[in-house]
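The shown structure was predicted, so the numbers you read here are calculated from the model rather than taken from an experiment.
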Amino acid sequence: MSTTGKLVGIDLGTTFSAIATLDDRGQAITLPNVEGEMLTPSAVLLGEDYAVVGQAARDVGLEQPGSVAQAVKRHMGQPLYGQKINGRDFRPETLSAIILRKLVQDAEARIGPVSKAVITVPAYFDDTRRKATKDAGRIAGLDVLDILDEPTAAALAYSFQTKQHIGSITAHGALGIQEETVLVYDLGGGTFDVTVVRLTPKRFECLAIEGDVRLGGKDWDDRIVDWMATKFQAQHGEDPRSDPVSLATLVSNAERAKRTLSKLPQTNITCSHAGKVLTATLTRGEFETMTRDLLTRTRLTAQQVLRQAKLDWARINRLLMVGGSTHMPMTSQMLREVSGKEPDHSLAVSEVVARGAALHAGIVAARLG
């Protein structure tokens with residue numbers, strides 16, 4: 001596969017991260033990691049003299065939660081990660097840099113040396129968090145061309161998905177895209193935001209943004225954890241959440257159950273603690289009921305964003321779905337009901353931000369000449 005090789009876009013996510021580049025036609029493509037996966041878990045296992053990133057780190061975290069850093073993005077901009085890893089304190093930038101380095105090294109195995117990157121952040125990240133993200137890129141050895149808002153990256157990727165490519169940018173910097181107003185609904189693993197973006201042939205303009213750095217797919221997982229722990233307590237008189245290893249395993253099983261319920265009407269969940277085991281059946285309907293308030297928060301946020309932008313649903317041309325948690329059918333169903341429009345899932349929702357970042361890297365490079 002022929003690619004530009006030097007420019008990449010990186011979606012540095014709370015639970016999963018992705019990296020993309022441009023092929024020889026200027027189209028954005030996601031680059032798989034060395035394990036062959038498009039998404040790399042944002043988990044870092046730290047030993048005395050080594051660091052491991054990805055699924056292996058996540059797996060070890062089930063048995064040794066004190067050795068693995070996860071959800072680092074929620075701590076960006078803070079002085080420390082928030083908990084010791086193997087007895088040591090780390091800055092979020094340092095941990096994020098380790099994740100970035102893994103993504104870049106895996107990309108380089110496919111496309112050769114990488115030096116320049118665009119890294120994305122939630123649109124509501126303040127200057128401190130943005131600077132911390134840029135610092136992480138520098139620590140990882142990257143020339144960070146820009147820190148780009150995730151909804152802008154998503155809108156860019158959706159806009160360029162059909163006929164457009166980087167080669168269509170004119171000498172005057174025009175993007176050559178159709179003018180429209182889009183709402184980006186981005187529900188990731190650890191963060192949530194809704195943005196109204198106006199796309200014009202010359203630029204992208206953010207009309208309104210609302211988000212919650214403490215709302216994401218993990219909160220849906222936690223509801224399953226609490227539901228299962230309550231059942232376990234009722235049956236065995238002990239709380240599996242009281243033991244770090246039991247809790248880590250239950251959290252992993254809850255996330256798996258959530259993913260299954262996005263495809264099937266019911267699933268089984270097993271909880272093991274103190275030598276005792278309980279398996280229970282959870283239906284999609286029960287899951288949607290126990291998380292209805294979380295979904296309502298996202299709906300209210302979407303409606304608030306429209307009010308901020310002084311628009312109604314009729315003025316929105318497209319609803320763009322972004323983030324792995326939008327695989328849950330309840331998200332599309334809710335948006336369909338409140339807007340009367342069909343949500344757009346035409347791109348891989350977990351890869352779209354990285355692809356948009358790669359396109360932006362190409363645009364910046366083209367304008368710089």
Ignoring hydrogens and geometry, is there a side-chain-to-backbone donor-acceptor pair from [X] to [Y] under 3.5 Å?
X: Arg74; Y: Gly190; value: yes
X: Arg130; Y: Phe125; value: yes
X: Asp106; Y: Ala109; value: no
X: Asp193; Y: Pro122; value: no
X: Arg198; Y: Glu205; value: no
X: Ser252; Y: Thr249; value: no
X: Tyr158; Y: Val352; value: no

Hey, are Arg129 and Glu93 close enough for a salt bridge, meaning a charged N less than 4.0 Å from a carboxylate O? no
Charged N to carboxylate O below 4.0 Å: is that the case for Asp312 and Arg315? no
side-chain contact (heavy atoms from CB on, under 4.5 Å) between Arg223 and Leu294: does it pass, once the steps are laid out? CA-CA 10 Å; Arg223 292 296 171 86; Leu294 298 176; 3.7 Å; yes
Determine, stepwise, if the pair Glu351 / Thr30 fulfils side chain to side chain donor-acceptor pair (under 3.5 Å). CA-CA 7 Å; Glu351 302 171 32; Thr30 313; 2.8 Å; yes
Can you list everything that forms a side chain to side chain donor-acceptor pair (under 3.5 Å) with Thr296? Sequence neighbours excluded, please. none
Donor-acceptor contacts under 3.5 Å from residues 331-341 side chains, at least two apart:
unit_1, atom_1, unit_2, atom_2, d
Thr331, OG1, Thr326, O, 3.2
Thr331, OG1, Met328, O, 2.8
Ser332, OG, His345, NE2, 2.9
Gln333, NE2, Glu337, OE2, 3.4
Arg336, NE, Glu342, OE1, 2.9
Arg336, NE, Glu342, OE2, 3.4
Arg336, NH2, Glu342, OE2, 3.0
Ser339, OG, Leu335, O, 2.6
Ser339, OG, Lys341, N, 3.0
Lys341, NZ, Trp313, O, 3.4
Lys341, NZ, Ile316, O, 3.0

Listing, residues 33-43 side-chain donor-acceptor contacts under 3.5 Å, not counting sequence neighbours, or none:
unit_1, atom_1, unit_2, atom_2, d
Asn33, OD1, Glu35, N, 3.0
Asn33, OD1, Gly36, N, 3.1
Asn33, OD1, Glu37, N, 2.9
Asn33, ND2, Glu35, OE1, 3.4
Asn33, ND2, Thr40, OG1, 3.0
Glu35, OE1, Lys102, NZ, 3.4
Glu35, OE2, Lys102, NZ, 3.3
Ser42, OG, Gly13, O, 2.9
Ser42, OG, Ser17, OG, 2.8

Can you establish whether the number of heavy atoms outside Asp127 located under 6.0 Å from its atom CG is more than 12? no
Return the set of residues passing ring pair (Phe, Tyr, Trp, His ring centres under 6.0 Å) with His327 (not counting sequence neighbours), or none when no residue passes. none
Residues passing the ring pair (Phe, Tyr, Trp, His ring centres under 6.0 Å) test with Phe192, sequence neighbours excluded, are Tyr185
Among Asp146, Thr120, Asp149, the one residue meeting side-chain hydrogen bond (donor to acceptor under 3.5 Å, both in side chains) with His360: Asp146
Please round to the nearest 0.5 Å and tell me the distance separating atom [atom1] of [X] and atom [atom2] of [Y].
X: Leu103; Y: Leu12; atom1: CG; atom2: CG; result: 7.5 Å
X: Leu215; Y: Thr301; atom1: CG; atom2: OG1; result: 7.5 Å
X: Asn317; Y: Leu183; atom1: CG; atom2: CG; result: 11.0 Å
X: Asp23; Y: Ile111; atom1: CG; atom2: CD1; result: 11.0 Å

After noting the C-alpha distance and the side-chain angles of Thr152 and Thr195, does the key distance pass the side-chain contact (heavy atoms from CB on, under 4.5 Å) rule? CA-CA 9 Å; Thr152 302; Thr195 313; over 6 Å; no
Candidate pair Leu46 and Phe90, rule side-chain contact (heavy atoms from CB on, under 4.5 Å), full reasoning: CA-CA 10 Å; Leu46 293 165; Phe90 289 89; 3.6 Å; yes
Any pair with a residue in residues 253-275 that passes salt bridge (charged side-chain N to carboxylate O under 4.0 Å, His left out), sequence neighbours left out, goes on the list, sorted by first then second residue, please. Arg58-Glu255, Asp221-Lys258, Glu255-Arg259
